[in-house]
Each structure stands twice: as C-alpha cells, then as structure tokens.
Amino acid sequence: MTDPTMMEWVNQYRAVRGTYDSFAHRLSGLLSDLLRDEGVDIAQIEARAKDVDSFRGKVTRPGKNYIDPLNEVTDLAAVRLIAYYAEDVGKIGEIIRSEFEVDDANTVDKSETLDPDRFGYTSVHYIIWLGEGRASLREWRQFATLRAEVQVRTVLQHAWAAVNHKLDYKSATEAPREVRRQLFRLSALFELADEQFSRIRDASARIADKYESDLRGGNFDLPLNAVSLAAYFEAHPELDAFAQELKESGISVRGIQDIDDAEKADVRRRMLTYLESVNVKSISELHAYVNGAVRELFRRVNPDTWTPPNDVPLEEAITRGLILVIGVKRSVFDELYDPNSWENYEDATRKYGIRR
C-alpha cells in the first residue's frame, strides 16, 4: 500500500470514527440489557472505537496487505464484556449468537489457539453485525453495514491479559529463563482460580438450597452466616405472618419482593454485624429471639414512648427490635446507624424497662 493511499484510508476512517464510536456504545447498552434480561451478571463492560493512530499502525503493519481496510479491519468498533465466572463466558456467547449475526471465519477462541509455549491469555473474540430485523429499525439503520468485535473474558483472564501486556512477553521463549517457570506457574494458577471460583459458587448454591430445605422442614439448627440468614428470611413461612402482624398493628414493613438486591444486602449485613457483636451464632438462637422477645416487643409498642421503625424492610425492623431487647455496644450502634441517634435508643430502652 503506498503512502498516499494509506493516508486516504486514514483520513476516511478519521471522518467516520464517530459513527463507529456510537455503534460501539450502542452495542454496549444493548448487550447490558440482553444480559440483564437473561440473568447474567457481569463485572464490567467497555466500549470503544479504534483510535486513528492504532488504525494507521494496523494497516501499515508488515505482512498486511489490505485492499479495503475500512471493510477488512473487523475491530474498528469493539465491546469488551468481563464476566465473573468461566461458565458465563459460554452463556454470553450463546446470547450473542442468538441476537446477532456472527462472522465465524473471523471469530476466535483464544483458549483453543493458545500454543503450549505461550502464556495463558484467553478470551473469545466474536465478530458480529446486526441481524436483518434489528438493522431495519430506525434507531439502528445507520449501523446496518458495520461490524464490531465483542471480546468476552473473565475477571481473572482480564487481569492476566493486563499484567502480561505490561510485561510484554508474548511467548515463553521471549521471557528470561529465570522468570519463565514463574510465569508458567502463575498462568496455571489463574486458570485454576477461575475453576475454583465456579466451584465455590456452585457449592454456595447447594448449601443455600439445603438451608432453605431445612428451614421449610422446621430445622433451625444452622450456623449463622450470610447464606443461612438469607435463607431464613426467604424460606421461613412464619415471617410472612409476622410481617402481616406488624402491619395490622400499624407498623409498615416491606417484604423481600419490595426491596432491591442492594438494599437487601445492606440490611442483612447490618443484622449479621449486630448478631456477631452479641454472640448469636445460630439461626435457632436468632429465631428464638424473633419469635419471642422481639415479637412481644412489637405487640406492646406504645407510640407515645417509642416510635417504631416504619416503612423499612422486615429485616431492618427486626434488627431494631433485637437491639432493644438484647442491647448493643455504642460502637456497634454507631457503625450501623447514625451516632446522633444513640440518645434516642437509650431513651427507648429506659421507657421499656429493658435490661442490658
């Protein structure tokens, strides 16, 4: 390719780069929506159009002989999806194939092409374009002829790729012998860690299922942890009756279905922190308090002496009740709630004659 022709292509790309950038970011939003609809959580999503200098470097690289680089270079628009688990890489691939047209001739699974003497950089690079149905929509019509690269990798694969890029050792033969073995071992550890994270997730799911089964069967003899606490509030039928009882007494509480995951995690973290501080170590101990002293407390609530929590998740109302009937160190109370409300808490305990 002669310099004048190369400069013409560079100038043409400079003129349309904004369209590729818009395409990449629109794809990013669409993919985020598709993954959320399918229940696939991702750690991060990135979108970019190739910058002009990178385009120039690619089309002038030795050994390349582009005739029409704007059509031949497949990653002018690119999206990177970073998944938590190795299995999710495959799930994301299925979603991509169901929603877009995939250029299999240029799609690459790096794990399948990795030579034995190369370190463990792996990801899947899909080359896609819009399907006929989506490309015909007004909002996508301007991108109908464009292609994009969608990279899919795990968090650990992404970390390895970033560090390995910084080291700039593309293969074992490029690395000094003194560090070669360490790099191979580290590469293997990253792959093993990906496998172990998946196994831990599966084990956690199995434990959660067992806890829920035990609780539905009336077995409360479970160790207290985040998983058992979640199971207690999501699988114990008596708590629905307790929530209804509170509402009938004029205390408004919100059920599990009425709060999002972030708020749910926050109120349960506060409860777990508090229970650990008062040495409650099992679900049976928690249940004894909830079904006994806490329930009785709310039954005899007098708005003239204490304003109970209102319009809060059931777990939050129970935590406030536990703090009243068991007591709490000020340092823990300040960590969980507003330090300025400590006097109100002490006043409530005095009015209810609670001994701490």
Side-chain angles (χ1 to χ4, degrees), residues 204-205 207-216 218-247 249 251-301 306-342 344-346 348-349 352 354-356:
S204 296
I207 291 169
D209 288 343
K210 184 180 184 305
Y211 284 166
E212 290 190 11
S213 176
D214 285 345
L215 289 166
R216 288 193 178 99
N219 176 21
F220 296 91
D221 190 19
L222 306 173
L224 181 67
N225 53 54
V227 179
S228 62
L229 190 63
Y232 179 66
F233 282 102
E234 295 186 29
H236 182 43
E238 284 186 28
L239 290 174
D240 290 334
F242 185 24
Q244 186 61 35
E245 186 178 310
L246 292 177
K247 291 177 183 178
S249 67
I251 302 171
S252 174
V253 294
R254 287 179 282 139
I256 293 167
Q257 68 280 2
D258 300 320
I259 59 176
D260 61 28
D261 289 342
E263 186 178 8
K264 194 183 299 181
D266 185 51
V267 296
R268 289 175 184 173
R269 177 196 60 79
R270 284 201 294 271
M271 176 178 280
L272 194 59
T273 299
Y274 170 69
L275 291 172
E276 289 174 344
S277 76
V278 292
N279 207 33
V280 172
K281 297 181 178 179
S282 68
I283 294 296
S284 60
E285 292 176 82
L286 169 63
H287 181 63
Y289 278 117
V290 171
N291 209 37
V294 172
R295 202 162 195 161
E296 180 59 30
L297 169 70
F298 283 114
R299 281 173 177 163
R300 60 190 178 92
V301 154
W306 176 56
T307 302
N310 218 15
D311 193 33
V312 297
L314 176 62
E315 295 99 313
E316 180 68 18
I318 289 175
T319 303
R320 303 285 184 97
L322 287 165
I323 286 174
L324 278 172
V325 300
I326 301 175
V328 65
K329 294 180 181 178
R330 180 165 187 171
S331 59
V332 175
F333 184 91
D334 288 353
E335 178 186 347
L336 301 181
Y337 300 105
D338 181 358
N340 296 324
S341 63
W342 173 254
N344 293 334
Y345 161 71
E346 286 197 312
T349 60
Y352 276 84
I354 296 166
R355 297 178 181 177
R356 288 178 288 146

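Only this structure's heavy atoms are used, side chains among them; waters, hydrogens and symmetry mates stay out.
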(message) Show, in sequence, the C-alpha distance, side-chain angles and deciding distance for L286 and L229, and conclude whether the side-chain contact (heavy atoms from CB on, under 4.5 Å) test is met.
(response) CA-CA 9 Å; L286 169 63; L229 190 63; 3.6 Å; yes
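- Note that the CG atom of L224 and the CD1 atom of I283 stand 5.0 Å from one another [nearest 0.5 Å].
- Within 6.0 Å of the OH atom in Y289, the count of heavy atoms belonging to other residues, nucleotides or ligands does not exceed 12.
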(message) Checking E234 against R268 for the salt bridge (Lys or Arg N to Asp or Glu O under 4.0 Å) test, could you report, in this order, the C-alpha distance in whole Å, the side-chain angles of both residues, the deciding distance, and whether it holds?
(response) CA-CA 12 Å; E234 295 186 29; R268 289 175 184 173; 2.9 Å; yes
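- Closest non-hydrogen pair, R216 versus A235, comes out as CG-O, 3.5 Å.
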(message) For a side-chain contact (heavy atoms from CB on, under 4.5 Å) check, start with the C-alpha distance between V267 and M271, then their side-chain angles and the critical distance, and finish with the verdict.
(response) CA-CA 6 Å; V267 296; M271 176 178 280; over 6 Å; no
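- To the nearest 0.5 Å, atoms OG (S282) and CG (L222) are separated by 8.5 Å.
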(message) Would W342 and V328 count as a side-chain contact (heavy atoms from CB on, under 4.5 Å) here? Give the steps.
(response) CA-CA 10 Å; W342 173 254; V328 65; 4.0 Å; yes
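- With hydrogens and angles disregarded, a donor-acceptor distance shorter than 3.5 Å links the side chain of T273 to the backbone of R269.
- Between Y211 and P223, the closest heavy-atom pair is OH-CG, 3.6 Å.
- The closest side-chain heavy-atom distance from F242 to V294 is below 4.5 Å.
- Judged purely by atom type and a 3.5 angstrom limit, Y274 uses its side chain to pair as donor or acceptor with the backbone of L322.
- Relative orientation of the F220 and H287 rings is parallel, given thresholds of 30° and 60° on the angle between their planes.
- The side-chain contact (heavy atoms from CB on, under 4.5 Å) test with S277 singles out one residue from I323, I326, V332, L336, and that residue is V332.
- Under the 4.5 Å side-chain criterion, counting only non-hydrogen atoms from C-beta, E335 is not in contact with R270.
- Side-chain contact check for S228 and N225: at least one donor-acceptor pair (N or O, by modelled atom type) lies under 3.5 Å.
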(request) Just do the salt bridge (Lys or Arg N to Asp or Glu O under 4.0 Å) check on E285 and K281 with the steps written out, would you? (result) CA-CA 7 Å; E285 292 176 82; K281 297 181 178 179; over 6 Å; no
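- Across all non-hydrogen atoms, the minimal contact from E263 to D260 is N-OD1, 2.8 Å.
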(request) Test side-chain contact (heavy atoms from CB on, under 4.5 Å) on L314 and L239 and set out the steps. (result) CA-CA 9 Å; L314 176 62; L239 290 174; 4.1 Å; yes
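- Looking at heavy atoms from C-beta onward, P313 lies out of side-chain contact with F233 at the 4.5 angstrom threshold.
- A salt bridge is absent between E315 and K264; no separation between the charged side-chain nitrogens and carboxylate oxygens falls under 4.0 Å.
- The heavy-atom pair separating E212 from A231 by the smallest distance is CG-CB, 3.7 Å.
- Both tests hold for R320 against Y337: distance to the six-membered ring centre under 6.0 Å, angle to the ring axis within 45°.
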